[in-house]
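Working notes for the structure below.
Chain naming here is simple, since letters A, B, ... match the order of the sequence lines and numbering starts at 1 in each. We use all heavy atoms of the structure for the numbers below, so side chains are in, but hydrogens, waters and symmetry mates are not.
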Number of protein chains: 2
Amino acid sequence: MAINDLFKALSDETRRKILDLLRFGDLTAGEIAIHFDMSKPGISQHLSVLKNAELVHASKKGQYVYYSLNTTVFQEVMKWMIQFNQSKGENND
Amino acid sequence: MAINDLFKALSDETRRKILDLLRFGDLTAGEIAIHFDMSKPGISQHLSVLKNAELVHASKKGQYVYYSLNTTVFQEVMKWMIQFNQSKGENND
DNA sequence: TAAATGTTTAAGTAATTACTTAATTATTTA
DNA sequence: TAAATAATTAAGTAATTACTTAAACATTTA
């Protein structure tokens, strides 16, 4: 889970909205798609980007695929961000 | 400073490296450019994106332009991130 | 097993983004 | 004031990204 993939995944508005939706509970790909004015394959591709960045987890239940947040990966990004609120010159790589 | 501009600005590796450099102190455009294998106009354009997102501040001193971090804007992003580590369903818009 | 439903993959395209070199602007110094 | 230095703007291009529709795959139900 390269930090680059994380930021790339977060740089798209649609993907951030998908993450927002998932805060309120797990959803199937179809349930997510309903919220957007975009084709289902379009949403599926966004979900694929989020899954690759490990921001979400997918689990198949029958013909449905449930998506859920992977909150631990958000902490990776937080860690990167936090550097910029610390005193100058400390390197936390 | 739309959150979208912030994430778009952060989605590029070169721009994140520029921010990393500025953690250790203010630098001129030229000093920043030295650290990269890229033309100076290329770096200048990245600096422009960072400035637009208000992640950095630019101040001209003679013929030099000094760039510095604007740490307060990082907190905007932090606030967005923090939502995902809170209990489900709380909306902090 | 055929039809229906949910989802993803494939292939192509339009829009955006990250670069390049050349030209321009601003400032300092010989 | 001319030349040198610092930085940006302009214009063009290659690469990437975000979509679309059509096709394929997986599962359930009639």
*With A/T72, which residues qualify under side chain to side chain donor-acceptor pair (under 3.5 Å), at least two apart?*
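With sequence neighbours excluded, A/T72 shows a side chain to side chain donor-acceptor pair (under 3.5 Å) to A/N70, given in chain and number order.
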
*asked:* For A/R16, give me all partners under salt bridge (charged side-chain N to carboxylate O under 4.0 Å, His left out), at least two apart in sequence or on another chain.
replied: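 If we apply the salt bridge (charged side-chain N to carboxylate O under 4.0 Å, His left out) test to A/R16, skipping adjacent residues, the hits are A/E13.
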
*Quick one: list whatever passes salt bridge (charged side-chain N to carboxylate O under 4.0 Å, His left out) with A/K40, sequence neighbours left out.*
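Scan of A/K40 (salt bridge (charged side-chain N to carboxylate O under 4.0 Å, His left out), adjacent residues dropped) gives none.
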
_Minimum heavy-atom distance B/M81-A/V77, with the two atoms named_ =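 It is CE-CB, 3.6 Å.
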
*DNA chain D contacts made by residues 40-50 of chain B, counting heavy atoms under 4.0 Å*: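 Here the set is B/P41, B/S44, B/Q45.
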
*Answer yes when A/K8 and A/D5 have at least one side-chain N-carboxylate O distance shorter than 4.0 Å, and no when they do not.*
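Salt bridge absent between A/K8 and A/D5.
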
*Whole-Å distance separating the CE atom of A/M38 from the C1' atom of D/dT21*: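 It works out to 15 Å between those atoms.
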
*asked:* Taking any atom closer than 4.0 angstrom to a non-hydrogen atom of chain B, what span of DNA chain C does the protein reach, first nucleotide to last?
replied: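 Using the under 4.0 Å cut-off, the span is C/dT17 to C/dT28.
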
*Map B/Q63 and A/A29 onto DNA chain C by nearest heavy atom, then report which one ends up closer to the 5' terminus.*
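Result: A/A29.
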
*For A/Y66, answer base if it contacts any base atom (sugar-phosphate contacts may also be present), sugar-phosphate if it contacts only those atoms, and nothing otherwise; contact means non-hydrogen atoms under 4.0 Å.*
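The answer is nothing, as A/Y66 stays clear of every strand by at least 4.0 Å.
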
*Do B/F7 and B/V49 belong together in a cluster built from hydrophobic side chains that touch within less than 4.5 Å?*
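No, because B/F7 and B/V49 fall into different hydrophobic clusters, even though each may have its own neighbours under 4.5 Å.
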
*Could you state whether A/I82 and B/L69 fall into the same hydrophobic cluster, counting links through intermediate Ile, Leu, Val, Met, Phe, Trp or Tyr residues with side-chain heavy atoms under 4.5 angstrom apart?*
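Yes; B/L69 is reachable from A/I82 via cluster members.
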
*By the rule that ILVMFWY residues connect when side-chain heavy atoms come within less than 4.5 angstrom, directly or transitively, which residues belong alongside B/Y64?*
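Besides B/Y64, the cluster holds B/Y66.
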
*Of B/T28 and A/D12, whose closest DNA chain D nucleotide lies nearer the 5' terminus?*
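Going by which nucleotide is closer to the 5' end, it is B/T28.
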
